[in-house]
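Data first, discussion second: the structure below is written as structure tokens.
Side-chain atoms are counted along with the backbone in the values below, which use heavy atoms only and exclude waters and symmetry mates. In listed order, ligands and their atoms are each counted from 1.
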Amino acid sequence: MPPIQAPFPHARPRRLRASSAIRAMVRENTLTVDDLIWPVFVRAGEGIEEPIPSMPGVARHSIDKLSDAAREAEALGIPAICIFPYTDPKLKTADCAEAWNPDNLCNRAIRAIKHAAPNIAVMTDVALDPYNINGHDGFVIDGEIRNDETVDALIKMTLAQADSGADIIGPSDMMDGRIGAIRGALENAGHQNVTIMSYSAKYASAYYGPFRDAVGASGALKGDKKTYQMDPGNSNEALRMIERDIIEGADMVMVKPGLAYLDICHRVKTEFEVPTFAYQVSGEYAMIQAAAQNGWIEGETVMMESLLAFKRAGCDGVLTYFAPQAARTLTQ
Ligand code: PBG
């Protein structure tokens, strides 16, 4: 049923836009600091903040610097931080064993952040790409991305992260059956309270380019990820993936990328009513920053408008490289 309205001039919709006070009263959606998850990049060394050229304003932090950043995020009220490691190319192998090394960069970073900023939730990424010589999220055997062998490895990776203190596990690999397998393994290991935010509807997207620079996977990647990540033309399939992951034990689900897939976010929230998140990915971030740096758009305003769009689409929150900047804008 269309909304009821008096005919003009009795209805003058502009009345509700006439002042900032009235606009605030009738605003349907708002962004708060609670909605932000901050993805961060960690690298080896000490005292290092290494800028990532394709992501202006984003750096790879050594663990000590990352701890400082986590403290700052906690003080801003950002509820969660998500760790992505830049792995030394020498540690990348075909068997990806570094992925479940209890002392790998990611696991050390988890422990450091839990120590430095105990009130911020720590999220991790579960996929083999940072550790794989060929840049893929799964094992490559005879040119094929192998599903079941990869899931076994993802379980080992997850348990090492959970043992290190991770609060939220984020499987981003798009292998079949991984959520159920990971949930079962967490239960058996006594990690009943570790939550899973599944990258359920993750598309094979060109928007991930700058991220692959950031984690050092761009040069490594052989081919593309289309045999496991979703086809951008599909929408019903996203709902099937979300439903499957909920049934297998995901607590929260994610759609990725963000802005170009808001229709998916909206369908997911409307049809399943589960905690739904979007990932405003590296390419989206880079586009806004690049245009802002050229003076072609007002970066700050476009940032806030893009983040609000996720709320309007029905998302409960958004992973965004803008998290600290947006939090400062919201709290100042
Ligand atoms: C790894 C992973 C990717 C991103 C998050 N986890 C890249 C990929 O799938 O190739 C992308 C994030 C971004 O672009 O900001 N599985």
Side-chain angles (χ1 to χ4, degrees), residues 36-42 52-60 80-87 92 96 98-99 105-106 123-140 145 147 150-151 153-154 157-158 161 166 168-175 178-179 182 196-232 241 253-261 277-290 303 306-307 310 318-323:
L36 304 171
I37 300 175
W38 186 23
V40 293
F41 299 104
V42 60
I52 299 159
S54 55
M55 300 180 72
V58 176
R60 300 182 190 106
I81 201 164
C82 182
I83 301 171
F84 292 97
Y86 171 86
T87 306
K92 298 187 185 196
C96 306
E98 182 65 7
L105 203 49
C106 176
M123 175 169 168
T124 56
D125 193 74
V126 172
L128 300 179
D129 54 325
Y131 311 100
N132 205 342
I133 31 172
N134 48 54
H136 278 288
D137 293 17
F139 287 128
V140 184
I145 317 296
N147 194 86
T150 299
V151 172
L154 298 175
M157 185 175 178
T158 297
Q161 293 173 348
I168 306 168
I169 300 293
S172 71
D173 53 282
M174 288 299 278
M175 295 300 116
R178 89 271 207 223
I179 298 301
I182 287 172
I196 298 176
M197 182 188 293
S198 180
Y199 289 65
S200 303
K202 177 172 178 180
Y203 287 85
S205 170
Y207 284 98
Y208 308 149
F211 172 96
R212 291 177 191 165
D213 295 341
V215 298
S218 309
L221 183 62
K222 305 253 180 346
D224 57 49
K225 301 193 175 185
K226 291 180 184 169
T227 68
Y228 46 108
Q229 298 180 346
M230 281 179 47
D231 189 304
M241 295 302 96
V253 296
M254 193 206 295
V255 174
K256 179 180 174 203
L259 273 198
Y261 295 83
F277 293 79
Y279 198 143
Q280 184 179 50
V281 299
S282 55
E284 301 176 59
Y285 174 86
M287 284 161 56
I288 294 174
Q289 291 294 68
M303 166 185 83
S306 68
L307 293 171
F310 292 105
V318 51
L319 287 92
T320 175
Y321 301 99
F322 286 121

| So Phe310 and Phe277, ring pair (Phe, Tyr, Trp, His ring centres under 6.0 Å) or not? Walk me through it. | CA-CA 8 Å; Phe310 292 105; Phe277 293 79; over 10 Å; no
| note | Contact region, Ala127 to ligand 1, non-hydrogen atoms below 4.0 Å, reads side chain
| message | Test of understanding: with salt bridge (charged side-chain N to carboxylate O under 4.0 Å, His left out), list the residues that count as partners of Lys92, not counting sequence neighbours. | response | none
| query | Excluding sequence neighbours, so at least two apart, what forms salt bridge (charged side-chain N to carboxylate O under 4.0 Å, His left out) with Arg60? | reply | Glu50
| Ligand-side contact atoms (ligand 1) for residue partner Asp137, heavy atom cut-off under 4.0 Å | 16 (N)
| request: For Tyr279, take its heavy atoms, then give the atoms of ligand 1 lying under 4.0 Å from any of them. | output: 12 (C), 15 (O)
| request: With heavy atoms under 4.0 Å as the rule, classify the contact between Val281 and ligand 1 as side chain, backbone, both or neither. | output: both
| task | Give the minimum heavy-atom separation between Leu307 and Phe322, together with the two atoms involved. | result | CD1-CB, 4.4 Å
| field | Non-hydrogen side-chain atoms of Glu284 and Thr320 separated by less than 4.5 Å | value | no
| query | Can you list the ligand 1 atoms lying under 4.0 Å from a non-hydrogen atom of Tyr321? | reply | 12 (C), 13 (C), 15 (O)
| Starting from atom 12 (C) of ligand 1, which protein heavy atom do you reach first, and at what distance in Å? | Phe211 CD1, 3.3 Å
| task | Just say parallel, tilted or perpendicular for the rings of Tyr285 and Tyr321, cut-offs at 30° and 60°. | result | perpendicular
| Taking atom 14 (O) of ligand 1 as the reference point, the nearest protein heavy atom with its distance | Ser282 OG, 2.7 Å
| task | Taking only heavy atoms of Lys202 into account, list the atoms of ligand 1 that are under 4.0 Å away from them. | result | 1 (C), 2 (C), 3 (C), 6 (N), 8 (C), 9 (O), 16 (N)
| query | Side chains of Tyr207 and Met287: closer than 4.5 Å at any heavy-atom pair? | reply | yes
| said: Within the 4.0 Å heavy-atom shell around Lys225, which atoms of ligand 1 are there? | reply: 8 (C), 9 (O), 10 (O)
| task | Mind listing the closest non-hydrogen atom pair of Ser205 and Pro257 along with its distance? | result | OG-CG, 3.3 Å
| task | Measure the distances from the heavy atoms of Gln280 to every atom of ligand 1 and state whether one is below 4.0 angstrom. | result | no
| task | Please examine the side chains of Pro171 and Ile196, heavy atoms only from C-beta on, and report whether any two atoms are closer than 4.5 Å. | result | yes
| query | Can you list the ligand 1 atoms lying under 4.0 Å from a non-hydrogen atom of Arg212? | reply | 8 (C), 10 (O)
| Which of the numbered atoms in ligand 1 are below 4.0 angstrom from a heavy atom of Lys256? | 2 (C), 3 (C), 4 (C), 5 (C), 6 (N), 11 (C), 12 (C)
| Distance under 6.0 Å and angle within 45° of the ring axis: does Lys256 meet both against Tyr208? | yes
| said: Tell me the closest heavy-atom pair linking Tyr199 and Met174, and the distance in Å. | reply: O-SD, 3.4 Å
| Among protein heavy atoms, which sits nearest to atom 1 (C) of ligand 1, and what does the distance come to when rounded to 0.1 Å? | Asp129 OD2, 2.8 Å
| Of all the atoms in ligand 1, which lie at a distance below 4.0 Å from a heavy atom belonging to Asp125? | 1 (C), 6 (N), 16 (N)
| task | Consider ligand 1: state whether an atom of it lies below 4.0 angstrom from any non-hydrogen atom of Glu284. | result | no
| message | Can you tell me which portion of Phe84 lies within the under-4.0 Å heavy-atom range of ligand 1? Options are side chain, backbone, both, or neither. | response | side chain
| message | If we only consider heavy atoms of Tyr285, is any one of them less than 4.0 Å away from an atom in ligand 1? | response | no
